[in-house]
Enquirer: 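Structure in C-alpha cells, see below.
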Amino acid sequence: MAVEKPHSPQNRVLVGREVRRWRHSRSLTLAQVSEASGLNIGYLSQIENDKAIPSLEALGAIADALDVPPAWLLLDSTTPPQVVFSKDRPRTKGPGGAVITEVDGHTSRDVCILEAIVPPGHSTGAHTHNGDEHHLVLSGRWRMTQGDHTVELGPGDYLAWDPTIPHDVENIGDDDGRILVIYPRRGRRDEPGAARD
C-alpha cells in the first residue's frame with residue numbers, strides 16, 4: 001500500500017497572484033467574483049493570498065467569473081519581457097559595407113530578426129539558406145531578385161520568399177536603406193568572413 005507523502009510548500013500550485021491580477025484588471029470586487037462563481041468571499045480571499053488551493057472545479061468557476069481560460073490562472077506572469085536596447089544589439093559587418101544588427105539579440109528561440117542597413121548601390125550577392133524568409137522595407141528603395149523574379153520595393157512594402165532558391169537584395173536608392181529580415185533561427189547563415197562587433 002502506497003503511503004501518501006505530505007506536499008511540501010514548494011510543490012503547491014499557487015494561483016492567488018494571477019486570480020488577484022485578473023480580478024483587478026477586470027475591475028471586479030471579491031463580492032462580484034463570489035456572486036459570479038458561487039464561491040464564498042472568504043475562500044476567494046484565501047485563494048488570492050495563497051492560503052488555500054482551489055479544486056479544479058473551483059478554479060474553473062473563478063476563471064469563468066473572470067472571463068479567462070482556467071490555464072491562464074496557472075501561468076506565472078511575473079516573468080519579465082525580454083528587452084534588447086538598440087545599443088546592445090549584436091552587430092555584424094555584411095557584404096558591401098552593410099551593417100547587420102540582430103534586433104532580437106539572440107533572445108528568441110525560434111526566429112532570427114535582423115535589421116540590415118545597406119549603403120546605396122550595394123547588394124548581398126546571390127546566396128541561399130534554409131527556412132522561410134520575410135522582409136519589411138523600413139527605408140530606401142530595394143531591388144529583390146529570386147531566380148527569374150525581380151521586384152522593386154519601398155518603405156512599408158513586404159516580401160516573402162523561399163530562400164533555398166538563389167536570391168539577391170540590392171539597395172537601389174540614393175541613401176542608406178534599412179530592411180527588416182525575419183527567418184527561422186535554424187535557417188540563419190553567417191557570411192564567410194563576417195565580423196561580429
Side-chain angles (χ1 to χ4, degrees), residues 1-92 100-116 129-138 155-163 178-188 196:
M1 178 171 177
V3 177
E4 187 174 316
K5 296 180 184 176
H7 292 288
S8 71
Q10 293 119 357
N11 293 335
R12 295 178 60 199
V13 178
L14 304 177
V15 297
R17 180 191 324 247
E18 291 305 305
V19 170
R20 184 180 307 109
R21 187 175 73 77
W22 282 107
R23 181 173 65 80
H24 287 167
S25 76
R26 301 288 197 250
S27 299
L28 296 172
T29 64
L30 278 173
Q32 290 170 315
V33 175
S34 173
E35 184 177 327
S37 67
L39 300 172
N40 178 290
I41 291 176
Y43 179 52
L44 288 170
S45 177
Q46 288 180 337
I47 290 169
E48 283 194 1
N49 290 297
D50 291 326
K51 293 181 179 174
I53 299 174
S55 67
L56 288 177
E57 184 177 336
L59 189 69
I62 294 167
D64 284 346
L66 298 173
D67 193 29
V68 297
W72 286 13
L73 301 178
L74 300 171
L75 298 175
D76 180 5
S77 67
T78 61
T79 303
Q82 296 178 342
V83 177
V84 179
F85 293 103
S86 178
K87 67 179 179 59
D88 298 330
R89 292 180 190 167
R91 290 177 176 11
T92 303
I100 300 169
T101 61
E102 195 162 346
V103 174
D104 66 323
H106 265 44
T107 60
S108 174
R109 292 182 301 252
D110 54 353
V111 296
C112 185
I113 305 171
L114 304 175
E115 179 185 10
H129 51 90
N130 294 323
D132 293 334
E133 186 173 288
H134 305 267
H135 304 81
L136 177 64
V137 175
L138 301 175
D157 292 339
Y158 165 83
L159 175 138
W161 58 27
D162 176 354
R178 293 175 48 235
I179 192 165
L180 200 63
V181 183
I182 304 168
Y183 55 88
R185 187 155 298 284
R186 71 184 185 288
R188 182 172 183 195
R196 282 193 180 262

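Just the heavy atoms: all of them, side chains too, but no hydrogens, waters or symmetry mates, feed the values below.
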Enquirer: Ignoring hydrogens and angles, tell me if any N or O in the side chain of Ser25 forms a donor-acceptor pair with the backbone of Trp22 under 3.5 Å.
Expert: yes
Enquirer: Run the side chain to side chain contact (heavy atoms under 4.5 Å, CB included) check on Ile62 and Val15 step by step: do they pass?
Expert: CA-CA 11 Å; Ile62 294 167; Val15 297; over 6 Å; no
Enquirer: Of all the heavy-atom pairs spanning Leu39 and Ala58, show the shortest one and how long it is.
Expert: CD1-O, 3.8 Å
Enquirer: For the backbone of Glu48 and the side chain of Arg20, can you confirm whether one donor and one acceptor N or O come within less than 3.5 Å of each other?
Expert: yes
Enquirer: Would you give the length of the straight line joining atom CD1 of Ile100 to atom CD1 of Ile179, rounded to the nearest 0.5 angstrom?
Expert: 11.0 Å
Enquirer: So, does Gln32 use its side chain to make a donor-acceptor pair with the main chain of Thr29 at under 3.5 Å?
Expert: yes
Enquirer: What's the separation between atom CD in Glu102 and atom OG1 in Thr107, rounded to the nearest 0.5 Å?
Expert: 8.5 Å
Enquirer: With respect to Asp104, which candidate in Arg109, Arg185, Gln82 satisfies the side-chain hydrogen bond (donor to acceptor under 3.5 Å, both in side chains) definition?
Expert: Arg185
Enquirer: Check whether Asp50 reaches the backbone of Gly16 with its side chain - one donor and one acceptor, N or O, closer than 3.5 Å.
Expert: yes
Enquirer: What distance separates Arg21 CZ from Arg26 CZ, expressed to the nearest 0.5 Å?
Expert: 9.0 Å
Enquirer: Which of parallel (below 30°), tilted (30 to 60°) and perpendicular (above 60°) describes His135 and Trp161?
Expert: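 Ring orientation, 0 to 90° scale: perpendicular.
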Enquirer: May I ask you to decide if Leu30's main-chain N or O and Ser34's side chain share a donor-acceptor pair within less than 3.5 Å?
Expert: no
Enquirer: Over all heavy atoms of both residues, which pair between Pro69 and Ala63 is shortest? Give the atoms and the distance, please.
Expert: C-CB, 4.1 Å
Enquirer: Hey, what do you get for CD1 (Ile113) to OG (Ser108), rounding to the nearest 0.5 Å?
Expert: 6.0 Å
Enquirer: Would you mind reporting whether Leu114 and Thr92 have side-chain heavy atoms less than 4.5 Å apart?
Expert: no
Enquirer: Would you say that more than 12 heavy atoms from the other residues, nucleotides or ligands in this model lie under 6.0 Å from the OH of Tyr158, or not?
Expert: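 Yes.
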Enquirer: Measuring from Leu138:CG to Asp157:CG, what's the distance to the nearest 0.5 Å?
Expert: 11.5 Å
Enquirer: Shortest non-hydrogen contact from Ala160 to His134?
Expert: CB-ND1, 3.7 Å
Enquirer: Donor-acceptor check, side chain of Asn49 to backbone of Lys51, threshold 3.5 angstrom: yes or no?
Expert: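 Here the side-chain-to-backbone pair does not exist.
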Enquirer: Enter the distance from Leu136:CG to Arg178:CZ here, rounded to the nearest 0.5 Å.
Expert: 10.0 Å
Enquirer: Quick one: does Leu59's side chain get under 4.5 Å of Leu74's, heavy atoms only?
Expert: yes
Enquirer: Which pair of heavy atoms, one from Pro90 and one from Gly105, lies closest together, and at what distance?
Expert: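 Residues Pro90 and Gly105, closest heavy atoms: CD-CA, 3.7 Å.
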Enquirer: Quick one: closest heavy-atom pair of Ala52 and Tyr43, and the distance?
Expert: CB-CE1, 4.0 Å
